Student: 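Quick one: the structure is below, and I'll ask about it shortly.
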There are 2 protein chains.
Amino acid sequence: MPAPVTIDPAPEKIVPNGQSTLHEDVVNKLRELIFDGQLADETRIPEKQLCARFGISRTPLREALKVLAREGLISLLPHRGARVVKLKPSDIDEVFPVMGALEAVAGEAACRNISEEGIAEIRALHYQMALHHTRGERADYFRLNQRIHEKIMEAAGNPTLSQIYKSLSLRIRRARYMANIPQQRWDQAMAEHELILQTLAARDGAKLGQLLKTHLLNKSEVVKATISDSPP
Amino acid sequence: MPAPVTIDPAPEKIVPNGQSTLHEDVVNKLRELIFDGQLADETRIPEKQLCARFGISRTPLREALKVLAREGLISLLPHRGARVVKLKPSDIDEVFPVMGALEAVAGEAACRNISEEGIAEIRALHYQMALHHTRGERADYFRLNQRIHEKIMEAAGNPTLSQIYKSLSLRIRRARYMANIPQQRWDQAMAEHELILQTLAARDGAKLGQLLKTHLLNKSEVVKATISDSPP
DNA sequence: GGCGGCCATTATGAATTCAAAAATGTCAAA
DNA sequence: TTTGACATTTTTGAATTCATAATGGCCGCC
């Protein structure tokens, strides 16, 4: 095989910084590559090549692969290498109800625990997001949207819950960013968020839980539509 | 302490069977050791010693440790080794609401998806469990109880949900088995299960979800009591 | 000309080796 | 006697080496 076309002298070397371990850095780096689509679905991940790219040996890379496999981002077939798992519509159907339930729990807990300052912060984020919605700035809207949901999750004060939610979130992140949401649904989502904010401010846990659940379920439909063009 | 009574010439060597990989076997083995309490809380896990015990090299063991760390069973401090994480009462407070929410989702889905045969199976398990309850056979009761919840989870037909639930389940399994439930609470749990069965048979998803949620929450109190004697 | 088995190559699984950080033990001084 | 600095030992982190299963090409056969 001839030399590769793109020659990068120090592509994205992972420098061993004293505090974190090498394999942890590799995990994060690989996640980024997967999200960026640089490691495409179903393509085999050649260990040697990645090692060269990162400038490390195979040992920490393989440790990282094990971790990512456990997270569900890649699949690890014995003697047959690792490959990025393809996100199927059915996965969306599976993940979103779970995330909805988790957000519902978070919402209930948040209503109990959140400070007035916390509510104020979320309110600020909300109206910032509303502005982006009005202006049709999708990327910014998505970013704020994400942060609001994270804030609610954080306010719940349940690290275990947060961790699991985050892990699931990562799993479908690729699809989520793809989501080319139609205007009508976008308006609806914005209205839902309006209600979510009010309910949180009123500290109506049960209602907020229900709202978040259905909000997620609605989102599920959109996301599924965006990836259903590439069938399993 | 004198030498252990049972001397095992080849203690628990892990033999490389063709299909599964070594590190996966090690993960399972280590989980067992942790659950059995052979690896006590907070004690450092010496790699070399375990390698000798398993008859393997350090590489697959370390890979397994990474995975278990991601599962939350052990903590991995750089250059300071791995140690089994101690189950604190606060962990119970965190985990059970999440499991409750997951079971609620499962209950709703199960009501939609479960076959009549599936209901019949759970009914059989239920009355078997009731018998153990009547006889005061705690271990058997716990076993059946576990299986019923697993059946409901399975009937939901959501692998992602099952996986997360299982992972959480493992995390608190130690505490769960410890649970020396008082008779009064046991009777109450049995009554709750009676209702759970009826609601499932009636396919009332919303109600079943609610029941499972509160059922888990009640259980949480008992479990927490059992580990609160050993404070954080 | 196409298909199937055989051998060389390659990639993965695991063991070993090397390096570096942390734990331990020793000895001296306050 | 206690404390603190230093040297030694131990343990972990990472690289390298070895073994083995899978991949791919080649040749013979149908």
Side-chain angles (χ1 to χ4, degrees), chain A residues 1-4 10-30 33-34 39-40 42-71 73-85, chain B residues 10-30 33-34 39-40 42-71 73-85:
Chain A
M1 184 189 299
E12 43 218 326
K13 299 266 192 195
I14 294 182
V15 298
N17 58 351
Q19 29 237 16
S20 70
T21 63
L22 196 46
H23 98 269
E24 192 62 36
D25 295 338
V26 175
V27 168
N28 294 327
K29 199 79 191 172
L30 279 176
L33 291 188
I34 293 173
L39 295 177
E42 295 293 315
T43 60
R44 190 166 173 176
I45 303 175
E47 293 184 2
K48 218 168 185 178
Q49 190 175 311
L50 275 181
C51 287
R53 185 170 180 176
F54 291 157
I56 59 173
S57 77
R58 277 178 57 219
T59 304
L61 176 76
R62 294 176 102 277
E63 290 174 348
L65 290 179
K66 300 283 183 300
V67 170
L68 289 174
R70 177 70 39 166
E71 285 183 13
L73 274 172
I74 65 175
S75 73
L76 227 45
L77 307 191
H79 293 286
R80 225 156 295 159
R83 47 195 68 218
V84 178
V85 299
Chain B
E12 41 219 328
K13 299 267 190 190
I14 294 182
V15 299
N17 59 350
Q19 30 237 14
S20 69
T21 62
L22 196 45
H23 97 269
E24 193 61 36
D25 296 337
V26 175
V27 168
N28 294 327
K29 200 78 190 172
L30 279 176
L33 291 189
I34 292 173
L39 295 177
E42 295 293 316
T43 59
R44 189 166 173 177
I45 303 176
E47 294 184 2
K48 216 168 185 177
Q49 189 176 311
L50 274 182
C51 287
R53 186 169 180 176
F54 291 157
I56 60 174
S57 77
R58 278 178 56 219
T59 305
L61 176 75
R62 293 175 105 286
E63 291 173 348
L65 289 178
K66 300 282 182 300
V67 171
L68 289 174
R70 178 68 41 164
E71 285 183 12
L73 274 172
I74 65 175
S75 73
L76 227 45
L77 308 192
H79 293 289
R80 226 155 296 159
R83 46 195 69 217
V84 179
V85 300

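Worth knowing before you read on, the calculation uses all heavy atoms, side chains too, and leaves out hydrogens, waters and symmetry mates. Below, chain A is the first sequence line, B the second, and so on; all start at residue 1. Note that the coordinates shown come from a computational prediction; the quantities given were computed from them, not determined experimentally.
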Student: Tell me whether the OP1 or OP2 atom of D:dA15 has a side-chain N or O from A:S57 closer than 4.0 Å.
Tutor: yes
Student: Counting the atoms with a prime plus P, OP1 and OP2 as sugar-phosphate, which does B:I45 contact under 4.0 Å by heavy atoms, base, sugar-phosphate, or nothing?
Tutor: sugar-phosphate
Student: Whole Å only: how far is the CD atom of B:E63 from the P atom of D:dG13?
Tutor: 13 Å
Student: Could you tell me how far apart A:I56 (CD1) and D:dG13 (C1') are, to the nearest whole angstrom?
Tutor: 12 Å
Student: If you look at every heavy atom in A:L76 and A:K66, which pair is closest and at what distance?
Tutor: CD2-CD, 3.9 Å
Student: How would you label the contact of B:L65 with the nucleic acid (heavy atoms, under 4.0 Å): base, sugar-phosphate, or nothing?
Tutor: nothing
Student: Check the distance between C:dA15's P and B:L61's CG and give it to me in whole angstrom.
Tutor: 10 Å
Student: What is the minimum heavy-atom distance between A:A40 and A:T43, and which atoms define it?
Tutor: O-OG1, 2.7 Å
Student: What is the separation between atom NZ on B:K48 and atom P on D:dT9, rounded to the nearest whole Å?
Tutor: 13 Å
Student: Starting from P on D:dA15, measure out to CD on A:E47 and report it in whole angstrom.
Tutor: 14 Å
Student: Under the rule for side-chain contact (heavy atoms from CB on, under 4.5 Å), what residues qualify as partners of A:R58, not counting sequence neighbours?
Tutor: A:E47, A:C51, A:R62
Student: Which whole-number value in Å describes the distance from A:K66 NZ to D:dG13 P?
Tutor: 16 Å
Student: Rounded to the nearest 0.5 Å, how far apart are OG1 of A:T21 and CG of B:L77?
Tutor: 11.0 Å
Student: Within the 4.0 Å limit for protein heavy atoms, which parts of nucleotides 18-25 of chain D are touched? Write it as a string from 5' to 3', B for base, S for sugar-phosphate only, - for none.
Tutor: ---SSS--
Student: Would you mind reading off the distance between A:D25 atom CG and D:dG13 atom C1', rounded to a whole angstrom?
Tutor: 13 Å
Student: If the condition is salt bridge (charged side-chain N to carboxylate O under 4.0 Å, His left out), which residues does B:R70 pass it with, not counting sequence neighbours?
Tutor: A:E24, A:E71
Student: Residues in side-chain contact (heavy atoms from CB on, under 4.5 Å) with A:A64, at least two apart?
Tutor: A:V26, A:V27, A:L30
Student: Using the side-chain contact (heavy atoms from CB on, under 4.5 Å) criterion, which residues pair with B:S57? Sequence neighbours excluded.
Tutor: B:T59, B:P60
Student: Give the rounded distance in Å between these two atoms: CZ of A:R62 and P of C:dT12.
Tutor: 8 Å
